[in-house]
Amino acid sequence: MQQPINIKIAVVIAVYNTAAYLRECIDSLLSQEHQNFTLFIVNDGSTDKSTEILNEYSSKTPKIKVTHSKNSGASVARNIALTQIEELGDFDLITFCDSDDIFSPKLLKSYAEIKSKFNADFITVGIKSFYKSGIKLSHRKRNAQHPPQLVFGNDILRFGFSDYLKDSPAASKCIGNTCFSAHTISGLRFNPKLRVGEDQDFRFRALLTCEKSVILSDLLYFYRIRKSSLSHSNNLTYQPLDLSLYLHWLSDLNDLPLTTREIIEKEALQAWNENIAKAALFKTLDQQWPLLKSQLNQILSLCVVKPKASFEMTIYSLGPIAIKAYSFLTKKQRCSLNKQKKRMQDAFD
């Protein structure tokens with residue numbers, strides 16, 4: 001087994017107009033206790049001062065390799081870095097960091113130690129959101145520390161997309177608080193054709209290749225809540241969630257194990273439920289119903305495992321009249337909306 005100090009880590013960062021936060025991000029990486037790493041930063045056509053900042057940092061240390069490219073999206077930028085990493089061929093681990101987030105000094109050290117001890121394909125650590133007003137306080141169960149959890153096979157996917165170990169501080173669908181063995185994701189790339197969910201798609205396909213995972217509860221990754229990052233999932237002028245990612249997985253990935261398909265089918269139906277709930281809350285249910293009904297039909301047509309009909313799902317499938325009669329829905333979702341408004345108020349610009 002390699003000693004932790006010899007574990008070489010590649011850190012991939014796509015940058016687009018994050019000059020206000022970029023120095024804090026890079027400084028938190030340069031101050032890592034584990035120093036055997038290289039930052040592969042791809043500037044995705046930034047028009048603010050990000051370019052100047054990156055050139056300044058790259059001129060000071062060989063640990064930072066900066067590539068400037070035209071604006072093509074985060075997926076293309078990350079793929080450029082992945083190609084560079086594979087061409088060098090001497091990295092043990094690859095991790096992805098957002099250019100406006102910050103990291104504990106122990107983040108890379110923890111990755112290296114776990115890789116050395118367990119030779120894991122996939123490592124994930126505790127993640128915490130923070131606002132302008134400070135660290136987000138989450139449900140107390142999500143703050144519960146636990147010993148490193150060694151997870152194998154299909155349980156890795158269950159952790160990534162289901163309720164397995166859902167109370168762990170590491171439970172997240174983000175890609176930032178994860179690390180992959182370089183050989184495990186060799187050749188894997190982000191899909192630039194996806195309109196939404198590029199990170200989730202890469203993470204999902206990567207997890208399909210993993211045989212051994214280690215889940216750490218240590219809070220080592222700090223995710224900055226910004227208005228732009230909230231606009232997709234917490235838009236206060238309602239638009240239905242785009243379910244194309246789930247439909248893509250269910251229709252195009254034909255060799256998925258049955259248990260994996262069941263997890264994805266369940267997730268797709270839960271996302272559809274959220275669309276229904278929000279449409280009712282924003283009083284656009286009658287207008288949106290044809291689209292929502294079409295979404296449900298598409299999901300059900302791709303389901304191999306017949307979904308269990310919950311009471312809520314049964315009500316939703318009956319149509320607008322039944323949904324409106326389900327009066328608890330509005331009260332329940334109004335509480336959720338108020339929380340979203342508070343998130344928007346506290347978010348960074």
Side-chain angles (χ1 to χ4, degrees), residues 1 7 92-96 107 110-128 138-188 190 197-221 223 245-246 248-250 252-271 273 299 302-308 310:
M1 298 294 292
I7 300 292
D92 302 291
L93 295 173
I94 299 175
T95 187
F96 303 89
L107 177 68
S110 296
Y111 285 150
E113 289 177 345
I114 291 298
K115 178 64 175 176
S116 174
K117 184 175 181 179
F118 296 102
N119 195 29
D121 303 314
F122 169 67
I123 307 166
T124 183
V125 300
I127 183 171
K128 197 77 168 177
S138 60
H139 194 284
R140 61 183 179 83
K141 288 185 177 180
R142 288 290 302 274
N143 293 323
Q145 297 293 296
H146 58 72
Q149 300 290 308
L150 194 58
V151 182
F152 298 92
N154 190 60
D155 282 342
I156 297 176
L157 276 171
R158 285 181 58 209
F159 171 74
F161 292 90
S162 187
D163 58 357
Y164 183 65
L165 292 174
K166 65 179 180 179
D167 293 334
S168 170
S172 165
K173 295 180 182 178
C174 297
I175 199 170
N177 65 323
T178 63
C179 188
F180 295 95
S181 174
H183 74 84
T184 300
I185 61 171
S186 177
L188 195 64
F190 289 82
E198 311 97 313
D199 289 8
Q200 286 189 42
D201 177 63
F202 182 90
R203 189 173 184 265
F204 174 67
R205 290 184 289 116
L207 291 181
L208 289 174
T209 70
C210 296
E211 297 180 357
K212 185 191 300 182
S213 171
V214 176
I215 301 166
L216 298 178
S217 64
D218 307 54
L219 296 174
L220 303 175
Y221 191 100
Y223 176 77
L245 181 57
Y246 298 110
H248 163 67
W249 288 338
L250 294 175
D252 295 347
L253 302 180
N254 298 317
D255 56 346
L256 290 176
L258 186 60
T259 51
T260 300
R261 285 195 68 91
E262 186 174 8
I263 291 172
I264 301 306
E265 289 168 8
K266 181 180 178 182
E267 285 284 318
L269 288 171
Q270 287 178 344
N273 281 356
I299 295 170
L302 294 169
C303 283
V304 173
V305 182
K306 186 177 180 180
K308 295 180 180 179
S310 65

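The model shown is predicted, which means the values in this text are computed figures rather than measured ones. One is the number of the first residue; the rest follow in order along the sequence. Only heavy atoms go into these numbers, but all of them, side chains included; no hydrogens, no water, no symmetry mates.
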Of all heavy-atom pairs between [X] and [Y], which one has the smallest distance, and what is that distance?
| X | Y | value |
| --- | --- | --- |
| Y111 | G176 | OH-O, 4.2 Å |
| L93 | C179 | CB-SG, 3.6 Å |
| G197 | L245 | O-CD2, 3.5 Å |
| C210 | I156 | O-CD1, 3.7 Å |
| Q200 | K173 | CG-O, 3.9 Å |
| K115 | A120 | NZ-O, 3.4 Å |

Worksheet item: Where does the angle between the aromatic ring planes of W249 and F204 fall among parallel (under 30°), tilted (30 to 60°) and perpendicular (over 60°)?
Response: tilted
Discussion item. Does D199 form a side-chain contact (heavy atoms from CB on, under 4.5 Å) with R203? I'd like the steps, not just the answer.
Written reply: CA-CA 6 Å; D199 289 8; R203 189 173 184 265; over 6 Å; no
Rounded distance (nearest 0.5 Å) linking atom [atom1] of [X] with atom [atom2] of [Y]:
| X | Y | atom1 | atom2 | answer |
| --- | --- | --- | --- | --- |
| T178 | I94 | OG1 | CD1 | 11.0 Å |
| S213 | L150 | OG | CG | 8.0 Å |
| I215 | L165 | CD1 | CG | 5.0 Å |
| Q145 | L219 | CD | CG | 5.5 Å |
| F96 | F190 | CZ | CZ | 4.0 Å |
| L107 | Y221 | CG | OH | 8.5 Å |

I'd like to know if the side chain of [X] and the backbone of [Y] have a donor-acceptor N/O pair within less than 3.5 Å.
| X | Y | result |
| --- | --- | --- |
| S217 | H146 | yes |
| E265 | V304 | yes |
| T124 | N177 | yes |
| R261 | L250 | yes |
| Q149 | P147 | yes |

Fill in: Aromatic centroids of F159 and F122 separated by under 6.0 Å
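Distance test on ring centres: not under 6.0 Å, no.
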Item to complete: Show your working on side-chain contact (heavy atoms from CB on, under 4.5 Å) between I264 and L253 and close with a plain yes or no.
Response: CA-CA 11 Å; I264 301 306; L253 302 180; over 6 Å; no
Worksheet item: Side chains of I127 and C174: does their closest heavy-atom pair fall under 4.5 Å?
Response: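 Heavy-atom side-chain distance check passes, below 4.5 Å.
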Discussion item. Please list all pairs meeting salt bridge (Lys or Arg N to Asp or Glu O under 4.0 Å) that have one or both residues in residues 205-218, counting only residues at least two apart or in different chains.
Written reply: D201-R205
